[in-house]
Protein chains: 2
Amino acid sequence: MLEKTTQMNLLYDFYGVLLTDKQRTMIEMYYLEDWSLAEISEHFAITRQAVHDNIRRAGMQLIEYEEKLHLLERYEKRRQIGQHIRELLSSASLDEKLREELTVAIESLLNES
Amino acid sequence: MLEKTTQMNLLYDFYGVLLTDKQRTMIEMYYLEDWSLAEISEHFAITRQAVHDNIRRAGMQLIEYEEKLHLLERYEKRRQIGQHIRELLSSASLDEKLREELTVAIESLLNES
């Protein structure tokens with residue numbers, strides 16, 4: 001369950017904005033705030049089954065977006081490359097000003113993702 | 001028209017995969033292969049107005065995806081930062097092996113977008 005939750009949190013970061021307001025609310029309650037299906041069902045006055053179906057469908061949509069756009073996969077690759085570049089920069093004998101400028105530029109490259 | 005076409009080509013690169021097959025085909029014909037509305041309408045045996053509406057709706061969807069995900073905007077920013085890093089690396093006095101390793105890593109970072 002933890003793995004599923006972690007994956008959903010990550011996918012939600014990238015694609016949550018493409019879901020409807022209601023889907024977003026339920027996904028946030030269930031995966032981010034750890035409400036139970038029963039609590040969500042009570043809150044919205046709908047059946048547990050309806051909550052379960054809504055959350056399952058929203059989760060499948062997030063997975064489908066990832067299968068098409070690969071934003072999470074690419075983000076992970078960029079993070080790995082970023083770490084490799086940080087190691088290159090920190091171990092190299094380098095003019096300090098250049099090291100600083102390169103570090104700032106590369107960190108902003110990694111943040112622009 | 002050229003500006004619109006260029007924008008659509010770019011948005012299509014990022015979000016085309018989220019459109020339906022039919023939307024993709026029409027967008028490709030119209031914006032990438034420069035077919036006229038009349039030619040597309042004849043090809044599909046539907047009215048020009050229907051072709052126009054389909055293309056307009058698909059275009060609006062591409063714009064909506066960009067408004068939500070900003071992939072094109074972020075890509076442009078990364079390209080600018082990448083150019084700045086290339087300039088830093090080429091003007092710096094740097095061990096050649098390190099320059100080569102950094103260049104390879106940064107180019108793969110830029111390609112992973």
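Source: prediction; values computed, not measured. Numbers restart at 1 for each chain; the letters A, B, ... are given by sequence-line order, proteins then strands.
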What part of [X] is in contact with chain B, defined as an atom under 4.5 angstrom from a non-hydrogen atom: side chain, backbone, both or neither?
| X | result |
| --- | --- |
| A:L94 | side chain |
| A:I106 | both |
| A:L98 | side chain |

More than 12 heavy atoms of other residues, nucleotides or ligands under 6.0 Å from [atom1] of [X]: yes or no?
| X | atom1 | answer |
| --- | --- | --- |
| A:H70 | NE2 | yes |
| A:E76 | CD | yes |
| A:E42 | CD | no |

Close side-chain approach of A:L18 to B:Y65, heavy-atom, < 4.5 Å: yes
So how far is it from [X] [atom1] to [Y] [atom2], rounded to the nearest 0.5 Å?
| X | Y | atom1 | atom2 | result |
| --- | --- | --- | --- | --- |
| A:Y15 | B:L69 | OH | CG | 8.0 Å |
| B:R78 | A:N111 | CZ | CG | 11.5 Å |
| B:R99 | A:L88 | CZ | CG | 14.0 Å |
| A:L109 | B:I85 | CG | CD1 | 5.0 Å |

Treating Ile, Leu, Val, Met, Phe, Trp and Tyr as nodes and any side-chain heavy-atom pair under 4.5 angstrom as an edge, say whether A:L110 and B:V104 lie in one connected cluster.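 Hydrophobic grouping puts A:L110 apart from B:V104.
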Search all heavy atoms of A:I81 against all heavy atoms of B:A105 and return the closest pair with its distance. CG2-O, 3.3 Å
